[in-house]
Amino acid sequence: YTFRICTYVPGNAAGQNYINVIEMRLNEVENMKVLIIIPAYNEEESIEKVINNLKQNYSQYDYVIINDGSHDNTSEICHKNKYKIIDLPVNLGLTGAFQTGLKYAYKKGYDYAIQFDADGQHRPEFIEPMLNRIKEGYDIVIGSRFINQKKEKSLRMIGSKMLTVAIKITTGKRVADPTSGMRMFSHKMIKEFAQNLNYGPEPDTVSYLLKNGAEISEVPVNMDERVAGESYLNLTNAAKYMVKMLISILFVQNFRKRG
């Protein structure tokens, strides 16, 4: 936002108009709406702690839980506590759950939306620095674990390094933490994701958008270990996931058309 600054002289109508413009613009910035989208699959052991923390300490942000066909008591707990929740009738997977959240964000007119885990791994204190960064004009801001520290030596982190290299090869830009699930989206991206079926919250979509001119930045964050619940990716599926992402980034994205 660009502000016009003036010295106000009492009785000067032009000066008063400038003051009014500044106040209106400041109010627009302050009133920008942020939605925290929380896909949840069998998170009965962690969902209360996550949501109560948001409600008690970060009430300046709105939230919505997307219950992705959980077969435990996730939905019952949310309804008992009167949390804001959308129940999907079947398990659609992370992509379907997240797109449901973005369609909700678009319909409700949110300025920004952030993908946030229901298992307690993501820390809400990092939402503000991500919000400050995206207000600089970025389309997507990624909460990165690896800007200020190196990746540990594990099979999963080797896969993450390979994705970083693949994105660099295909886009010319480096994404330090391509598998981070903590991503914030601008209103423009909310609309694009909401209106296109083949947009998932995955590294290949990040690569595709970078290749097509999207402005993406990373902000350093810390994340906690999952203490309960069920991940979308177990160890076996994680390896398949990495291979799928590599093939998509290196080859499939070349034939993908932006909607």
Side-chain angles (χ1 to χ4, degrees), residues 35-43 64-70 86 88-107 110 112-119 121-122 130 134 138-144 156 159-160 162-164 166-167 170-171 173 175 177-218 230-234 236-259:
L35 178 67
I36 303 173
I37 299 173
I38 308 169
Y41 178 65
N42 295 341
E43 300 288 2
V64 64
I65 302 159
I66 311 298
N67 174 39
D68 190 20
S70 298
I86 297 173
L88 299 180
V90 296
N91 177 245
L92 297 180
L94 179 58
T95 296
F98 184 63
Q99 281 198 325
T100 299
L102 284 180
K103 287 179 181 293
Y104 175 88
Y106 179 57
K107 182 177 180 180
Y110 282 92
Y112 304 104
I114 183 168
Q115 179 184 351
F116 198 84
D117 281 357
D119 59 12
Q121 290 190 79
H122 294 166
M130 293 176 69
I134 204 168
Y138 290 99
D139 298 307
I140 299 174
V141 170
I142 300 170
S144 175
R156 180 169 291 188
S160 177
M162 293 173 69
L163 292 178
T164 294
I167 292 173
T170 55
T171 69
K173 298 182 180 180
V175 177
D177 195 357
T179 59
S180 170
M182 193 175 187
R183 304 184 184 98
M184 182 173 285
F185 300 81
S186 68
H187 181 74
K188 183 175 77 172
M189 286 292 104
I190 291 173
K191 179 180 180 180
E192 188 159 345
F193 272 72
Q195 295 182 341
N196 290 276
L197 293 176
N198 62 338
Y199 277 47
E202 304 292 0
D204 59 344
T205 298
V206 171
S207 173
Y208 169 73
L209 291 171
L210 271 172
K211 198 171 183 179
N212 283 272
E215 295 292 332
I216 298 177
S217 182
E218 292 182 274
E230 186 172 335
S231 173
Y232 278 92
L233 290 175
N234 55 38
T236 302
N237 288 336
K240 295 179 181 179
Y241 170 82
M242 290 297 180
V243 172
K244 176 184 176 182
M245 287 296 105
L246 282 171
I247 292 173
S248 179
I249 291 169
L250 292 171
F251 303 106
V252 177
Q253 301 307 315
N254 294 323
F255 303 99
R256 187 175 176 181
K257 294 183 178 181
R258 194 168 184 178

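Predicted model only: the values in this text are computed from it and were never measured.
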Angle class for the His187/Tyr106 ring planes (parallel below 30°, perpendicular above 60°, tilted otherwise)?
->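 The arrangement is tilted - the two ring planes meet at 30° to 60°.
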
Taking the six-membered ring for Trp, are Tyr199 and Phe185 ring centroids under 6.0 Å apart?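 No, ring centres 6.0 Å or more apart.
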
Does the side chain of [X] reach to within under 4.5 Å of the side chain of [Y], using non-hydrogen atoms?
X	Y	answer
Thr179	Ser160	yes
Ile142	Ser217	no
Glu43	Ile38	no
Asp177	Met182	no
Leu102	Met189	no

Hey, could you give me the [atom1]/[atom2] distance between [X] and [Y], rounded to the nearest 0.5 Å?
X	Y	atom1	atom2	result
Tyr208	Asn198	OH	CG	7.0 Å
Leu246	Ile167	CG	CD1	9.5 Å
Gln121	Phe116	CD	CZ	10.5 Å
Leu94	Ile66	CG	CD1	11.5 Å
Phe98	Leu92	CZ	CG	14.5 Å
Ile249	Thr170	CD1	OG1	6.5 Å

Between His122 and Ile114, is a side-chain contact (heavy atoms from CB on, under 4.5 Å) present by the stated rule, with each step listed?
CA-CA 11 Å; His122 294 166; Ile114 183 168; over 6 Å; no

Any side-chain to backbone donor/acceptor pair from [X] onto [Y]? Under 3.5 Å, distance only.
X	Y	answer
Lys103	Ala194	yes
Ser180	Gly143	yes
Asp117	Asp119	no
Gln99	Asn196	yes
Ser207	Pro203	no

Closest contact, heavy atoms only, [X] versus [Y]:
X	Y	answer
Ala166	Leu250	CB-CD2, 3.9 Å
Gln115	Pro201	OE1-CB, 3.4 Å
Tyr110	Ile190	O-CD1, 3.8 Å
Val141	Tyr138	CG2-CB, 4.1 Å
Gly200	Thr95	CA-CG2, 3.7 Å
Leu88	Ala97	CD1-CA, 4.0 Å

By ring pair (Phe, Tyr, Trp, His ring centres under 6.0 Å), Tyr112 pairs with (sequence neighbours left out) none

| query | Name the one of Asn42, Asn91, Thr100 that satisfies side chain to side chain donor-acceptor pair (under 3.5 Å) with Asp68? | reply |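 Among Asn42, Asn91, Thr100, the one meeting side chain to side chain donor-acceptor pair (under 3.5 Å) with Asp68 is Asn91.
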
Run the salt bridge (Lys or Arg N to Asp or Glu O under 4.0 Å) test against Lys188 and tell me which residues pass, sequence neighbours left out.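 So Lys188 forms a salt bridge (Lys or Arg N to Asp or Glu O under 4.0 Å) with Asp139.
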
Taken in chain and number order and not counting sequence neighbours, the residues that satisfy side-chain contact (heavy atoms from CB on, under 4.5 Å) with Ser248 are Asp204, Val252, Gln253

